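In what follows, a single structure is set out as structure tokens and then discussed.
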2 protein chains.
Amino acid sequence: MFSKACEYGIKACIFIAEQSVNNRRVSLKEVASSIDSPEAYTSKILQHLCQNNIVRSDKGPLGGFSIPAPILSHLRLSNIVYLIDGDDIYKGCGLGLKRCNEKLPCPVHNKFKVIRSELKEMLESTTILSLVDKLHNGLTFLKR
Amino acid sequence: MFSKACEYGIKACIFIAEQSVNNRRVSLKEVASSIDSPEAYTSKILQHLCQNNIVRSDKGPLGGFSIPAPILSHLRLSNIVYLIDGDDIYKGCGLGLKRCNEKLPCPVHNKFKVIRSELKEMLESTTILSLVDKLHNGLTFLKR
DNA sequence: ATAATAATGGATATTTTTGTCTTTTTTTTA
DNA sequence: TAAAAAAAAGACAAAAATATCCATTATTAT
């Protein structure tokens, strides 16, 4: 459904958000080990998220990654997925046709658009904070 | 959503099915040009479909690909997707966790399972014949 | 200032997916 | 039986995704 990069990105954001809620910055190492992802690859993904102001990074000792409260209060799954995987999952034709639309639909167009719009709606309505809450309550897990 | 191979596979099946309804066998060339796919790559995908009795092939002049009526009457999108892409799209964790389930769900588990089960239901209930009908009525297209 | 810490950036490597090319096998028709 | 047509099979190539390594830059504490 999502690329590996996107999966790591989502998990990393949930973990960093959880720590940010408690005013803790986290290092790359902590992120990677907490979400069980390859460190250097995760670094690239975090860079990407930082360059697009979804995550904040500070260098030096005491540095690390965080998500500032004003950003966290608005952050949704859709922001992360859109940044990393683009909008193909919302817009792209189910059969990969370049020009598939209401007027000239592919055979699966109408079946897919229902699923797709529900996926879109779900990603846009799910906040990272709501996912952090579940983590915090011990109801969900980021590893294994 | 699906791999390129799977997209080609679905389009190829719809095209071959359309021709089989009219008792016409089609060559690899015809398939590839009709669905706008790379010929040799499409060949591999058709081989795979043939080995798994979703498509039939006959060698020699007058040979070509077809889908026998008894198969076509049962064939659904899910059969093709499952063969080519496997069951990750139904079963796999949205965050790529190996062991994510009802008891130990990842943070997005419950949000995703709704979408996933709808996707599953859609693929399992959509027959290739119903898609051929739309093609035939000029309501949908396989290229562009 | 210096050393230590942590992210950044760039180059490189590996793996997977996608795509190609060539030879072989099967079948039909002449 | 020989030639032609068509898929099968296997090796190979290119592109994309995933992953690693190393030198650089910024920040903090000593």
Side-chain angles (χ1 to χ4, degrees), chain A residues 1-12 15-16 19-20 24-67 81 83-86 88-89 92 95-96, chain B residues 1-12 15-16 19-20 24-67 81 83-86 88-89 92 95-96:
Chain A
M1 178 139 290
F2 302 133
S3 68
K4 230 68 178 89
C6 191
E7 289 177 3
Y8 295 149
I10 293 171
K11 284 190 273 195
F15 175 71
I16 296 169
Q19 301 301 308
S20 288
R24 281 196 293 261
R25 277 179 193 158
V26 284
S27 70
L28 171 60
K29 266 189 211 310
E30 289 178 83
V31 173
S33 80
S34 300
I35 69 174
D36 200 23
S37 66
E39 202 174 302
Y41 192 49
T42 306
S43 165
K44 298 298 181 199
I45 295 161
L46 289 175
Q47 271 180 51
H48 192 195
L49 289 163
C50 288
Q51 284 157 358
N52 289 272
N53 301 308
I54 287 177
V55 168
R56 165 179 165 165
S57 74
D58 293 276
K59 287 185 174 181
L62 303 196
F65 297 95
S66 58
I67 304 182
V81 171
L83 178 69
I84 301 179
D85 279 355
D88 248 38
I89 206 159
L95 297 183
Chain B
M1 176 140 291
F2 302 135
S3 68
K4 231 60 178 102
C6 191
E7 289 177 2
Y8 294 150
I10 294 171
K11 284 189 274 194
F15 175 71
I16 296 169
Q19 301 300 308
S20 288
R24 280 196 292 261
R25 279 180 192 158
V26 285
S27 69
L28 172 61
K29 267 191 211 310
E30 290 178 83
V31 174
S33 79
S34 299
I35 69 174
D36 199 24
S37 65
E39 202 175 303
Y41 192 48
T42 306
S43 166
K44 298 298 180 198
I45 296 161
L46 288 175
Q47 271 181 54
H48 192 197
L49 289 163
C50 288
Q51 285 157 356
N52 289 273
N53 301 308
I54 287 177
V55 168
R56 164 179 166 167
S57 75
D58 292 277
K59 288 183 173 182
L62 302 196
F65 297 96
S66 59
I67 303 182
V81 171
L83 178 69
I84 301 180
D85 279 355
D88 248 40
I89 207 160
L95 297 182

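Bear in mind that the values here come from a model prediction, so they are computed numbers and not experimental data.
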Give every pair of a protein N or O atom and an N or O atom of nucleotides 21-29 of chain D that lie under 3.5 Å apart, one pair per line with the distance.
unit_1 : atom_1 : unit_2  : atom_2 : d
D:dA26 : O4'    : A:Lys59 : NZ     : 3.3

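Applying the side-chain contact (heavy atoms from CB on, under 4.5 Å) rule to A:Ser34 yields the partners A:Phe15; only residues at least two apart in sequence or on another chain are considered. Among residues two or more places apart in sequence or in another chain, the side chain to side chain donor-acceptor pair (under 3.5 Å) test is passed with A:Ser3 by A:Asp85. Residues passing the side-chain contact (heavy atoms from CB on, under 4.5 Å) test with B:Asn53, sequence neighbours excluded: none. Considering only residues two or more places apart in sequence or on other chains, B:Lys4 meets the salt bridge (Lys or Arg N to Asp or Glu O under 4.0 Å) condition with B:Glu7. Residues satisfying the salt bridge (Lys or Arg N to Asp or Glu O under 4.0 Å) test with A:Arg25, not counting sequence neighbours, are A:Asp58.
Among the atoms of the strands shown, none is found under 4.0 Å from any heavy atom of B:Ser43.
Listed by first and then second residue, the salt bridge (charged side-chain N to carboxylate O under 4.0 Å, His left out) pairs involving residues 31-43 of chain B are B:Lys29-B:Glu39 (not counting sequence neighbours).
Sorted by residue number, the list of members of residues 30-38 of chain A with any non-hydrogen atom under 4.0 Å from DNA chain C is empty. Against DNA chain C, the stretch residues 46-55 of chain A makes heavy-atom approaches under 4.0 Å through A:Gln47, A:Gln51.
Note that CZ of B:Phe65 and CD of B:Gln19 are 13.5 Å apart. Values are rounded to the nearest 0.5 Å. In this structure, OG on A:Ser27 lies 12.0 Å from CG on A:Leu62, to the nearest 0.5 angstrom.
Following rounding to the nearest Å, B:Leu28 (CG) and C:dG19 (C1') show an atom-to-atom distance of 13 Å. One interatomic measurement links the two molecules: NZ of B:Lys29 to P of D:dA6, which rounds to 9 Å at whole-angstrom precision. The nearest whole Å value for the distance from the NZ atom in A:Lys4 to the C1' atom in C:dT16 is 13 Å. A:Glu39 has its CD atom 11 Å from the C1' atom of C:dA7, to the nearest Å. Going from atom CD1 of B:Ile84 over to atom P of C:dT17 covers 13 Å, rounded to whole Å. Computed from coordinates, the B:Arg56 CZ to D:dA6 P distance equals 16 Å when rounded to whole Å. Atoms OH (B:Tyr41) and P (D:dA11) sit 18 Å apart, rounded to a whole Å.
Between A:Met1 and A:Ile89, the shortest heavy-atom contact is O-CD1, 3.7 Å. Between A:Ala12 and A:Val31 the shortest heavy-atom distance is CB-CG1, 3.9 Å.
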Side-chain atoms of residues 40-47 of chain B: list all donor-acceptor pairs with protein atoms under 3.5 Å, sequence neighbours left out, distances to 0.1 Å.
unit_1  : atom_1 : unit_2  : atom_2 : d
B:Thr42 : OG1    : B:Ser37 : OG     : 2.6
B:Thr42 : OG1    : B:Pro38 : O      : 2.6

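OP1 or OP2 of C:dG19 has at least one side-chain nitrogen or oxygen of B:Tyr8 nearer than 4.0 Å. B:Ser57 has a side-chain polar atom (N or O) that falls below the 4.0 Å cut-off from OP1 or OP2 of D:dA8.
Positionally, the nearest nucleotide of DNA chain D for B:Val26 lies more toward the 5' end than for the other of A:Ser3 and B:Val26.
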